[in-house]
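Heads up: the structure comes next, in structure tokens.
Here is how names work: the chains are called A, B, and so on, in the same order as the sequence lines, proteins then strands, and each is numbered from 1.
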There are 2 protein chains.
Amino acid sequence: MARKKSQTESSTETAETVRRAPMRDFSRSLPMSLLRAREAVMRQFRPSLRNHGLTEQQWRILRALTTVDAIEVTELARVAFLLGPSLSRILRDLEARQLIERRTAKADLRRAVVSISAKGLKLIEAVAPTSEAIYAEITSRYGARKLAELQDMLGVLERSLVAMEVAGEESGEIEE
Amino acid sequence: MARKKSQTESSTETAETVRRAPMRDFSRSLPMSLLRAREAVMRQFRPSLRNHGLTEQQWRILRALTTVDAIEVTELARVAFLLGPSLSRILRDLEARQLIERRTAKADLRRAVVSISAKGLKLIEAVAPTSEAIYAEITSRYGARKLAELQDMLGVLERSLVAMEVAGEESGEIEE
DNA sequence: GGCAGATGATTAACATGTTAAGTGAAATCG
DNA sequence: CGATTTCACTTAACATGTTAATCATCTGCC
């Protein structure tokens with residue numbers, strides 16, 4: 001680190017009143033903390049996934065599909081925590097690669113039902129060992145108990161924020 | 001919740017051996033927990049930013065610029081936690097909107113130095129009150145002490161993961 | 001039965017994430 | 001001092017995030 005300034009500072013005078021409100025130091029804001037933590041975690045997994053030709057989101061989808069027999073697209077979006085449009089694009093690609101299978105629900109032609117293919121399962125099984133090893137290493141380094149506690153706290157945070165949203169909608173802003 | 005299956009299950013036989021390794025329930029994995037928590041937080045801020053014509057990242061950059069007089073692009077990328085290419089594109093846009101100013105370092109023509117403009121400062125000042133109010137509401141709902149503790153834990157996690165990366169490089173994989 | 005409104009999914013359009021390649025300038029070394 | 005390497009930054013190319021619009025089907029109601 002070490003700022004290493006005073007070398008490109010031959011500036012003139014630029015911003016005058018800048019630096020009025022230091023605010024919350026910014027780099028320590030909650031969104032930044034969460035972003036950096038998540039990035040630090042994912043940086044561990046990405047290389048392995050990449051070696052198997054998978055992105056983080058594609059992995060999430062396949063992973064979610066191994067926990068069910070078949071699932072509708074909307075439900076899958078909820079479980080894998082992806083927005084519809086992203087999921088739509090990714091499913092198109094995964095289907096083309098024959099890692100998943102998709103068919104239309106007989107009772108409701110709007111709905112599509114997705115399931116993982118044998119090829120997809122094989123891929124998952126090829127990646128899983130490394131992923132599990134990395135996860136174990138993280139758990140070991142950070143501490144299993146602490147990790148569980150952290151996840152609890154994140155869950156509580158999430159729920160209190162959802163409650164906050166609801167509170168902000170109960171009246172007023174109906175139409176746009 | 002509630003699986004609501006047995007309605008689109010008129011399937012034939014699809015996946016056979018599926019559901020072998022439930023793994024870590026998936027939705028409770030650390031990356032997912034962090035992702036959902038962060039999304040829950042950002043969902044609070046996005047509408048306000050959007051009303052002012054700013055994306056989350058643009059806001060991060062302007063916000064970071066208020067804490068310094070001027071800063072080099074690479075340093076800014078580090079502080080705002082953005083990758084070079086993303087930052088490059090966003091700076092191009094912010095400069096076109098005259099929210100920032102950019103000039104070239106005299107001592108090193110490779111380096112660009114960025115600073116916020118008066119217009120940019122005005123925009124920040126217009127958005128800040130709402131942002132601060134939302135942040136205060138979150139703090140209040142979740143608890144200031146708990147929030148500080150959560151951020152501590154996130155910081156520790158981040159640092160232990162950085163240590164993990166280093167440990168995985170000390171020998172071997174030098175060239176690509 | 002037929003039509004207005006709701007719903008599931010996709011497409012469109014634009015912004016960012018991510019890795020690789022390109023460009024010009026500076027540092028290093030023979 | 002000139003070739004090579006390194007460095008700061010930008011472009012390129014592709015994948016995803018995000019919001020709005022579109023499309024087909026469904027549902028409720030008459």
Sequence neighbours left out, what passes side-chain hydrogen bond (donor to acceptor under 3.5 Å, both in side chains) with E39(A)? Give chain and number order. R46(A)
Nearest whole angstrom, please: distance from the C1' of dA9(C) to the CZ of R102(A). 9 Å
Whether R110(A) contacts dA24(D) is assessed here as follows: a side-chain N or O lying under 4.0 Å from the phosphate OP1 or OP2. Is that the case? no
Which nucleotides of nucleotides 12-19 of chain D have their base under 4.0 Å from a protein heavy atom (B), which only their sugar-phosphate (S), and which neither (-), written as one string 5' to 3'? BB-SBBBB
Ignoring backbone atoms, test whether R92(A) places a side-chain nitrogen or oxygen under 4.0 Å from the OP1 or OP2 oxygen of dT11(C). yes
Would you mind reading off the distance between D108(B) atom CG and dC7(D) atom C1', rounded to a whole angstrom? 8 Å
Only counting residues at least two apart or in another chain, list the ones meeting side-chain hydrogen bond (donor to acceptor under 3.5 Å, both in side chains) with D108(A). R110(A), R111(A)
Kindly write out the residues that satisfy side-chain hydrogen bond (donor to acceptor under 3.5 Å, both in side chains) with R159(B), not counting sequence neighbours, or none if the list is empty. none
Residue pairs fulfilling salt bridge (Lys or Arg N to Asp or Glu O under 4.0 Å) with at least one residue in residues 85-100 of chain A, sequence neighbours excluded: D93(A)-R97(A), E95(A)-R102(A)
For a salt bridge (Lys or Arg N to Asp or Glu O under 4.0 Å) with E158(A), tell me which candidate from R36(B), R43(B), R28(B) qualifies. R36(B)
Tell me the interatomic distance from E75(B), atom CD, to dC9(D), atom P, rounded to whole angstroms. 10 Å
To the nearest angstrom, the CZ-P distance between R111(B) and dA8(D) comes to 5 Å
side-chain hydrogen bond (donor to acceptor under 3.5 Å, both in side chains) filter on E137(A), not counting sequence neighbours, yields R141(A)
Between dT25(D) (C1') and K106(A) (NZ): distance, integer Å: 17 Å
